[in-house]
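The chains referred to below are lettered A, B, ... by the order of the sequence lines, with proteins before strands, and numbering in each begins at 1.
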Amino acid sequence: MTAKPTPTPTPQSSSASQSKSASAFGAVSASPSFPKLEEEVLAFWDEQQIYEKSLARRADAPTFVFFEGPPTANGMPHPGHCLTRAIKDVFPRYKTMRGYRCERKAGWDTHGLPVEVEVGKELGIHSKEEIEAYGVEPFIQKCQQSVWRYMREWETLTRRLGFWVDLKQAYVTYHQSYVESVWWSLKNLFDRGLLYQGHKIVWWWAQGGTALSAGEVGQGYREVADPSVYVLFPLISSEASTSKRSLVVWTTTPWTLPSNMYAAVKSDLEYAVVEDSETGEQLVLAAALVETLAGKIKRELKVVETVSGASLVGQRYEPPFSDYRDRLSDPQGSLKTGEQEHLYWRVVAADFVTTDSGSGLVHLAPAFGEVDYEVLAEERLRFVESDRPELLCAVGPDGKFTDEFPALKGEWVKSTDKTLTRQLRDGGKLLHQEQYLHDYPFCWRADDDPLIQYPRESWFIRTTKFRELMLKNNSQIGWQPEHIRDGRFGNFLDSNVDWALSRERYWGTPLPIWVCQSTGRMEAVCSYDELLAKPDVQGTEVWDQAKKANPELADDLRVHKPYIDAVTYASPFEPGARMKRVTEVIDCWYDSGAMPFAQWGWPHQNDDRFAEQFPADFISEAIDQTRGWFYSQLAISTMLFGEGASVDVSDSPTPVAKDVTGSALTTSADQAYPYPYRNCIVLGLMLSQWYEATPKDGGAKIIALTEEETAEHPGMSFTKKTGKMSKQLRNYRSPSEIFDRYGADAMRWYFFANQAPWNSIIYADGAIRDSIPEFLLRLWNTFSFFTIYAEIDGFDPTTATDADEQLSPESLASAPTYRPVSERSEIDRWVISETNVAIDVIVQRMDSLDNYNACQAITSLLDGLSNWYVRRSRDRYWAKETQSQDKHDAYWTLYETLLQLTKVIAPFVPFLSEKLWQELTRPFGDRVLKSVHLCDYPVADTARIDMDLSQSMKVLREIASLGRSARADAKLKVRLPLSAVEVILTDDSQIAWLQSHDSLVREELNVKNVAYTTDGGDYVQYSVVPNFKRLGPKVGKQIPVVKKLLGEADGNELLSQLQSVGKVTLSLPDGSELELDNDDIEVRLKAREGWAAAQGPSCVVVLNTEVTDDLRREGIAKDLIRAIQSQRKEINCDYTDRIEVGIVTQDAETLQAIELHRDMICEETLAERLVVEALPNVTPVEIECGELFVAKVSV
RNA sequence: GGGCGUGUAGCUCAGUUGGUUAGAGCGCGUCGCUGAUAACGACGAGGUCCCAGAUUCGAGUUCUGGCACGCCCA
């Protein structure tokens, strides 16, 4: 093994001969503060407008279209938002470097109930009445202001994370131009007959006076105990003789009983008439539930007869509360068949009735249940139009009983269960009562308010008409992961129902429909100007006055409530009548879905921008957006621009949008599917991981985010938890704190490199911290190593006079010291080959939107560079001769590789890469691009890829690894030289190459000689196994036999047969013979017992364990060198400081070692003098064999 | 109740078209290195691939049925 030379040259020669470039790279901190570095980079980007420049460079390039799904800036961002924004950043950055123009327009979702709730909290008000009392005008003004409250937080996060997006040009959903785009689209739908009004049973927040979307309802489910009552509905018998008989009807919502209309059975279910042993009454219920009920009421129920459900249908009963019956007197109506039937209080058939719980008879109050309502709808169809049953509803929109149920008028229904139950009991109509645990929705913003189902008049979009088109669209979208297409999203589209569009709220896009106050006929309006152009417009002064009173008022508010409601005009449908707007605003999901065109204010403006920026090539959000933004976008775009849209338009009887605006609507219908986004990465949800302890005194829970933090609470026992991030629990670190502690790159890298993005990610604080040494610091160390020696040796890349502004590898070739790669050493060619292989993989993966595997390739490249290339090349940088070609090669190779790597990682860790770029290109000054983000992404140079070399090096690394393993087993430390190792391989294909490049192995393993052979009979046992992949298809069922035969045969024998004849022949039990060639079988090695050996997949490494005196003394010398080097550091020697060394020892062999290896010791440690006595005025350190004195020599 | 997804080492996760020795990082243990050093490296231990069936010469991978968890919807 060659001695490890010291860093050279001397300080004098260094500064003298290389003064020009010696400071070229500058000093690099060994332990950088990444957060601080990132702040500097941010300032640099701002100052130099790098983002703007990166776009400008691609002004004429093909587009890569990205849509920003607008976040609702209605709360503080948490780590989950960082993931979304990081993914949204990495691909546009990558595509930009790959030569595309990728604009990134930010956007904000500003409308909706969440904002209203937030403002309500601030004002201390809750219900719609309170808002009305406060005043709609000041209320929506507050809403508009509130939206900006968290915006700064979001902008700070966005910037600090390095998410490049144009915040200055952000689209905002309440802006007039945006609202008018939405109006245009709604008018289009209206004119095509796709907007209609209907009844809908909705989940209703009575206190807030609004319906909640399915998503909102879903957020509020929690388990509660509700009363479960079995109520008797006495049947009205036509035969007076039969004894009293009642239906047993079950419900968990007693408050709906006053509005009862029917009782439902299932036709094909068996029902039993039983006699109550106690009262003698006859009860009707599902036969399957008789025993259960008997158990509950602890009475015997004797079955009198059984009947089918169908036979019960049509029987009439007395409703549990008689108010309606008293008032309506149990009317009859004419069926379409001509017969008469009672409108209410009959048994009807319904498929949803089960015997899972209850009694098999279900109370129907169609006002308060969607399925109940459907039954009513069917019933109505049986009657002639003038005689249909009305919807009975004794509850007002405020959730309180109305005049229809005078007994409890004005009472909040959910608190009347007890009273009602008592009344039933008093009336002898309550058979049984118990508590029932089930999930029930509450208002997600007002925890204490249970929701009720309630009928509302609502506007719908006929999306069901577009189901097939949406599915077709969906089928063409590149979903990541793919199962979204046919799974969650596909199923959702499959079961599409019409979009309930309207909201009876205040802060939202107003529904642009005006109604004739006389005829009720309607028309839609697509812009404010169109409205103003209507005949005899009145009411605009309301806005004018508000603006006059408060000039600060945003002009955008004029298209909002209440101002827009004041605007009326003359009805085109009847002379003298006025047109007045409907009162509703729309679902803010519609706003977000309109974003592809509304962000440009299209079609009222920006035809060209829209044409160019639609559809998107790439969008990404978390999986909760499946029914949100992913759907709203797809639905709206399909309806407006999809196949057949223009046909619908031309068929429309009323003037359509394109005539009003002059914009061509049909551009889209020509475009190919898919709409409106081609690719979508669906991110998993982010969970948190933390440690939790509950104090014994029952105080508040203590939350620790890392294991270390738990130590701050001695005596507490913490349990590790994984779950949702919770604002209340504060079980996650705020993004800004993460940035301050670890930096944005650390977080980004963790997100990109640790799991496929669609998995739910468990955010663990420690995991982000860990990504620093794993990747960032390792890269930094490699870079720092380079600068230290480049500095010392005065490596000057600017001698490449033709270097281009991106320092591409080709252009560096102009340097006089630059040799073609093919002429450089194996290890240089290897690392360059590996780099190009990695680039090839990374580009492929990133083009497929696969950041995870791209990062894997980066990690393994960095590992090769740091743990093999640099480690094995250190001697070359330390070599004395500063101008040797080998040294030049080493620098150029490392420099190039670092440059390439810097570009490769730029989209992932934009800060660190920027810093590296600045440092690496510093010698070139203004000749190179200011930012790595302005560079082109590297492209693999296939000419530099050498797969054979790559394969051989892999074996070499395996040999080194096995050698170390064998040393460890034999307890022979690496510092002790050994005379030889023998490497036994299965075949000779790589021996020649290995032999000619064995210095790496000799150095790595600290051995004098390496021998390679395929003939290792003494050391190893051979065994032969089938190559299943190849033989499987060939011999099929014989495989187990072949395997057995090969296993039983003598491996060494088979091998020699194979080597001499090129094949082996097996005699199978069935008498046939099977010939196997080299590729059909696989030779395996196993080290024999008794040798210091280790085996790997392709070879066995055997150590010669004989330690001669010479070897032992050399080992001692190396131990001494180590001790001296360590002491050099201890006394703060500079790299090039000279020292003198004294060693005091009684050990004769150590003294011999010193004499024998004096030169090597001095050379390696830069010792000018080495004596075997104490040095005066120097504090000694203990070493194994005595005392060591090291002192700096003053110059 | 329905849909979708997940289940692999102590932890967090990979695992391409089925191929017989299931991988990485962290953590742990042992050792090494000591001028890339508040770092780093090597080696090692650690697995019933959730369970049960089926298909197949061969299943972590395909199919069926369970179980557990998560999300979405009722």
Considering just the side-chain nitrogens and oxygens of [X], establish if one lies under 4.0 Å of OP1 or OP2 belonging to [N].
X: A:Arg778; N: B:rG41; value: yes
X: A:Arg488; N: B:rC71; value: no
X: A:Asn754; N: B:rC13; value: no

With a 4.0 Å cut-off on heavy atoms, is [X] in touch with a base, just the backbone sugar-phosphate, or nothing at all?
X: A:Val1041; answer: nothing
X: A:Ser860; answer: nothing
X: A:Pro481; answer: nothing
X: A:Phe492; answer: nothing
X: A:Thr782; answer: base
X: A:Arg967; answer: nothing
X: A:Ala756; answer: sugar-phosphate

Rounded to whole angstrom, note down the [atom1] distance from [N] over to [M].
N: B:rC26; M: B:rG65; atom1: C1'; answer: 37 Å
N: B:rG15; M: B:rG5; atom1: P; answer: 16 Å
N: B:rG53; M: B:rU61; atom1: P; answer: 14 Å
N: B:rC28; M: B:rA39; atom1: P; answer: 14 Å
N: B:rU55; M: B:rC13; atom1: C1'; answer: 30 Å
N: B:rA24; M: B:rA68; atom1: C1'; answer: 26 Å
N: B:rU16; M: B:rU8; atom1: P; answer: 16 Å

(Q) So A:Ile477 and A:Leu634, do their side chains get closer than 4.5 Å, heavy atoms only? (A)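 A side-chain contact exists here, since the closest heavy-atom pair is under 4.5 Å.
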Q) Are A:Tyr895 and A:Phe786 an aromatic pair by the rule of ring centers under 6.0 Å? A)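 Here the rings of A:Phe786 and A:Tyr895 have centres that are less than 6.0 Å from each other.
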Q: Quick one: look up who B:rU16 pairs with, Watson-Crick or G-U, both distances under 3.5 Å, and put none if it's unpaired.
A: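 The answer is none; no pair meets the criterion.
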Q: Using both distances under 3.5 Å as the test, list the Watson-Crick or G-U wobble partner of B:rU30, or none.
A: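 Paired with B:rA42.
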Q) Given A:Trp758 and A:Tyr852, is the ring-ring contact (aromatic ring centres under 6.0 Å, His included) satisfied, shown in steps? A) CA-CA 10 Å; A:Trp758 44 84; A:Tyr852 175 76; 8.8 Å; no
Q: Name the closest nucleotide to the A:Ile623 side chain, picking from B:rG3, B:rC71, B:rA36.
A: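 My answer, after comparing the listed nucleotides, is B:rC71.
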Q. Side chain of A:Lys1037: nearest nucleotide among B:rC57, B:rC13, B:rA36?
A.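 For the A:Lys1037 side chain, the nearest candidate turns out to be B:rC57.
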**Q.** Basic-acidic side-chain contact under 4.0 Å: A:Lys915, A:Glu919
**A.**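 The answer is yes: the pair qualifies as a salt bridge.
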Q | Residue pair A:Phe785, A:Tyr877: steps toward the ring-ring contact (aromatic ring centres under 6.0 Å, His included) verdict | A | CA-CA 10 Å; A:Phe785 174 88; A:Tyr877 300 97; 5.4 Å; yes
